[in-house]
Structures are given as structure tokens and as C-alpha cells.
Enquirer: 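Encoded as C-alpha cells, here's the structure I'll be asking about.
Lettering of chains follows the sequences in order, A, B, ..., and the numbering in each one begins at 1. No hydrogens, no waters, no symmetry mates; every other heavy atom, side chains included, goes into these values.
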Amino acid sequence: MPELPEVETVRRGLEPLVSGRRIARVVCRVAKLRLPLDPQLEAQLAGQLIHSLGRRAKYLLFSLEEGTLLLHLGMSGVLRLVDPETPLAKHDHVDIALNDGRLLRYNDPRRFGLILYLRGDPLSHPRLQHLGPEPLAPDLPADYLFIRSRKRRKSIKTFIMDQQLLVGVGNIYASEALFAAGIDPRRAAASLKRQEALRLLQSIRTILAEAILAGGTTLKDFRQSDGKPGYFKQQLQVYGRKGEGCPRCGEPIQQLVLGQRSTFYCGSCQG
DNA sequence: AATCGCGCCTGACGGC
DNA sequence: TGCCGTCAGGCGCGAT
């Protein structure tokens, strides 16, 4: 569900509210998300000061006095700061009570999310160490995508969604970036000319940045940390718009499946 | 090494 | 009304 802009939106919303707070206690109501929750989790976190809230790829990283709390929202995870009297809803799996009385509440119907407590350097954890660069890093070379795409035969759309290549691009923004760059999602990655690959990376960066400014995209589940939806859905040009007129040329938007994921594009603008 | 397909879960929706 | 199939923002695994 959440791609980079949604996770970053959550991070920005929560950061000022959790930094400097102490974790009073933790309550886990479900045994298993993507992985079984560590039975020690409640004890490991209790009493710890939260130094800061960071992000790597689509992971949130709570930097604690001792170690790091890693949290991934999966497809349907929602993390919100709520008042303690807020009634429990279905799929409210974990509460992290802070010393100011409020609760960080994790809700996740599909339970593809992940919550993990790590000691030591979180970036060297197996889940994080093979991740590609951050697309919004200022020092990412403009020709990074071009260089890496040589000899890669898979479709350019599945290629840019590969988190080992580049992090943060999921199914929505992959279609959007390819539309913005005017590139057919079915083309082999290696078939992109230099200028096309440069344009695509630039489109990815622009769209992710704009989506962050809009507070992310809400299709159904996603909520900002204050409970409001993300507003980038209104700016989606092709995703979810099969049959509607292309915003550029008016031809109907096409839909197909690539790598088992729905893909939207304009057959006439994206060559 | 790279690529593909599947499975993990629940819920919403459309067709019959 | 209900049942059934399909689909959904992610990721890791095993087979090829």
C-alpha cells in the first residue's frame, strides 16, 4: 500500500510528536504480522526514549536510546497517534503508549506489515542492507537508471519497482512516472535510450516529491498521521483511470498486467 | 545472476 | 440475500 511518499508523510507528521517522548508501555494484540511479533517486544521497548523518527525506503525507523524500532506498513498498515480513550477498532494490532499519555496505534487489516526491534546498526540488518539508493537523495547521479538498466531484460515498469535498484517506487508511482516520461511500461529496461532513462529518473523524483507535498495518495486505507487522507489521488494522471481520456491526448487510458501488478498507461503518448 | 510466479492476509466489489 | 471470483498501495521465497 504505502509507497515512499505515504511513508514519508507519516514520518513527517509523527516526528515532532514522538521525538523526545518516552515509551511507557507496549501492547500487542495480534501474534503475527508479516513475521510473528517478538514476545519480548513489549519488554524491549518499555521505558525507552525516542530520539528521532527516520525513514529508509518504505521503512520507518524509530531511533531509541538503545537500538531501533523498525516498522513497515505493508499494504494496509496505518500508524496514528491517538488519545488513550479512542475506542479500539478492528485490526488495531499494536499500541505504543507514550509518556505524554498518547498512543501510537498500529492498524493493519492485511497484516503484511512488519514490526521489529533491532540492536546495532539498523542499516546493516538483512532487511535493509540490500536496498537501493533513495530516489530523492541529492547526490543520486542523473544517469543512475541508465547505467543500471543496461542488459536488463525485464520490463521497465517492474525494473523501477525493484527495491534493490531504487527504493520507494511502488505500483502507483511506477505507472505515473512512466506516463510523465512518455515511456511504454512494457519496454525492456535495457531498451531505454540514455535521454529516456534520464527523463524517467527525473520524473520519478518529481512525482515522489510532489506526492509528498500533497500528503501522499489515498486509494482507500492510507491515512496521514493526523487521520486525514493524502491528496495526491486528484493528481494521478493514469493510475486507476482505465478507459478515461488521457490528460495529454484524450485517447482512452489502457490497463494491463506486468509482474502480476495492474499497470496503467496511454497507448499513444507512451512510446 | 536475473527473472518469474506464488503466497502471505482481509475486505470490498461485481456478477450471478 | 448470499456465494464466488477477482482485485488491492508490498515483499520474500523458491524454482528456473
Enquirer: Is the closest basic N to carboxylate O distance between A:R11 and A:E8 below 4.0 Å?
Expert: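 Yes, this pair counts.
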Enquirer: If you assign A:K220 and A:R110 each to the DNA chain B nucleotide with the nearest heavy atom, which residue ends up on the more 5' nucleotide?
Expert: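 Result: A:R110.
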Enquirer: Hey, does the side chain of A:R127 come within less than 4.0 Å of C:dG12's phosphate (OP1/OP2), counting only N and O?
Expert: yes
Enquirer: Would you kindly give the CD-to-C1' distance between A:Q164 and B:dT3, to the nearest whole Å?
Expert: 12 Å
Enquirer: For A:Q163 and C:dC13, what is the distance between atoms CD and P respectively, to the nearest whole Å?
Expert: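 In whole Å, C:dC13 P and A:Q163 CD are 15 Å from each other.
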Enquirer: What is the distance from CG of A:L73 to P of C:dG9, rounded to the nearest Å?
Expert: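 Going from CG in A:L73 over to P in C:dG9 covers 15 Å.
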Enquirer: What's A:K90 touching, base or sugar-phosphate or nothing? Going by heavy atoms closer than 4.0 Å.
Expert: sugar-phosphate
Enquirer: Taking OP1 and OP2 of B:dA1, is either one under 4.0 Å from a side-chain nitrogen or oxygen of A:K151?
Expert: no
Enquirer: Report the stems of DNA chain C as range-with-range entries sorted by first number; a stem here is at least three consecutive pairs, Watson-Crick or G-U wobble, both distances under 3.5 Å, and write none if there are none.
Expert: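 Ordered by first number, the stems with DNA chain C (at least 3 consecutive pairs each) read B:2-8 with C:10-16, B:10-16 with C:2-8.
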Enquirer: Would you indicate which nucleotide in B:dC8, C:dG9, C:dC11 comes nearest to any side-chain atom of A:R261?
Expert: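 Of the options given, the side chain of A:R261 lies nearest C:dG9.
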Enquirer: May I ask you to check whether A:N107 and A:K90 show a side-chain donor-acceptor distance below 3.5 Å?
Expert: no
Enquirer: Could you tell me the separation between the CG atom of A:L71 and the P atom of C:dC11, rounded to a whole number of Å?
Expert: 13 Å
Enquirer: Round to a whole Å and report the spacing from CG of A:D162 to P of B:dT3.
Expert: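 That distance rounds to 9 Å.
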Enquirer: Could you tell me how far B:dG7 sits from C:dG5 if I compare only their P atoms? Round to whole Å.
Expert: 15 Å
Enquirer: Can you tell which of B:dG11, B:dC9, C:dA8 lies closest to the side chain of A:P109?
Expert: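 Selected nucleotide: B:dG11.
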Enquirer: For a quick test of reading the model, state the closest non-hydrogen atom pair linking A:T218 to A:R223 and the distance between them.
Expert: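 The answer is CG2-NH2, 4.1 Å.
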Enquirer: With rounding to whole Å, what would you report as the distance between B:dA1 and C:dC11 at their P atoms?
Expert: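 Between the two P atoms, the distance is 22 Å.
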Enquirer: Within the 3.5 Å criterion, strictly below it, is a donor on A:T217 or A:K233 matched to an acceptor on the partner's side chain?
Expert: no
Enquirer: Can you identify which nucleotide, out of B:dG11, B:dT3, B:dC8, has its nearest atom closest to the A:R152 side chain?
Expert: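 Nucleotide nearest to A:R152's side chain: B:dT3.
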Enquirer: Applying the side-chain contact (heavy atoms from CB on, under 4.5 Å) criterion to A:I115, which one of A:V94, A:L70, A:L45 satisfies it?
Expert: A:V94
Enquirer: Where the side chain of A:H91 is concerned, which of B:dT10, C:dA8, B:dT3 is the nearest nucleotide?
Expert: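 That would be B:dT10.
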Enquirer: Pick one: which of A:P185, A:S203, A:C246 meets side-chain contact (heavy atoms from CB on, under 4.5 Å) with A:F179?
Expert: A:C246
Enquirer: Please state how far atom CE in A:M161 lies from atom P in B:dC4, giving the value in whole angstrom units.
Expert: 13 Å
Enquirer: Any idea how A:H93 and A:Y106 line up, ring-wise: parallel (<30°), tilted (30 to 60°), or perpendicular (>60°)?
Expert: tilted
Enquirer: Taking the nucleotide of DNA chain C with the closest heavy atom to each, which residue, A:K58 or A:S262, is nearer the 5' end?
Expert: A:S262
Enquirer: Base, sugar-phosphate or nothing for A:Y59? Non-hydrogen atoms, less than 4.0 Å.
Expert: sugar-phosphate
Enquirer: Is the aromatic ring centre of A:F112 closer than 5.5 Å to the centre of the six-membered base ring of C:dC11, with the two planes inclined by less than 30°?
Expert: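 A:F112 ring does not meet the centre or angle cut-off for C:dC11; no stack.
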Enquirer: Distance check needed: C:dC13 C1' versus A:H130 NE2, whole Å only.
Expert: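 Going from NE2 in A:H130 over to C1' in C:dC13 covers 15 Å.
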Enquirer: In whole Å, what is the span from the CG atom of A:D221 to the P atom of B:dT10?
Expert: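 After rounding, the reported distance stands at 14 Å.
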Enquirer: Would you say A:R29 has more than 12 foreign heavy atoms packed within less than 6.0 Å of its CZ?
Expert: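 Atom CZ in A:R29 is crowded, with more than 12 foreign heavy atoms closer than 6.0 Å.
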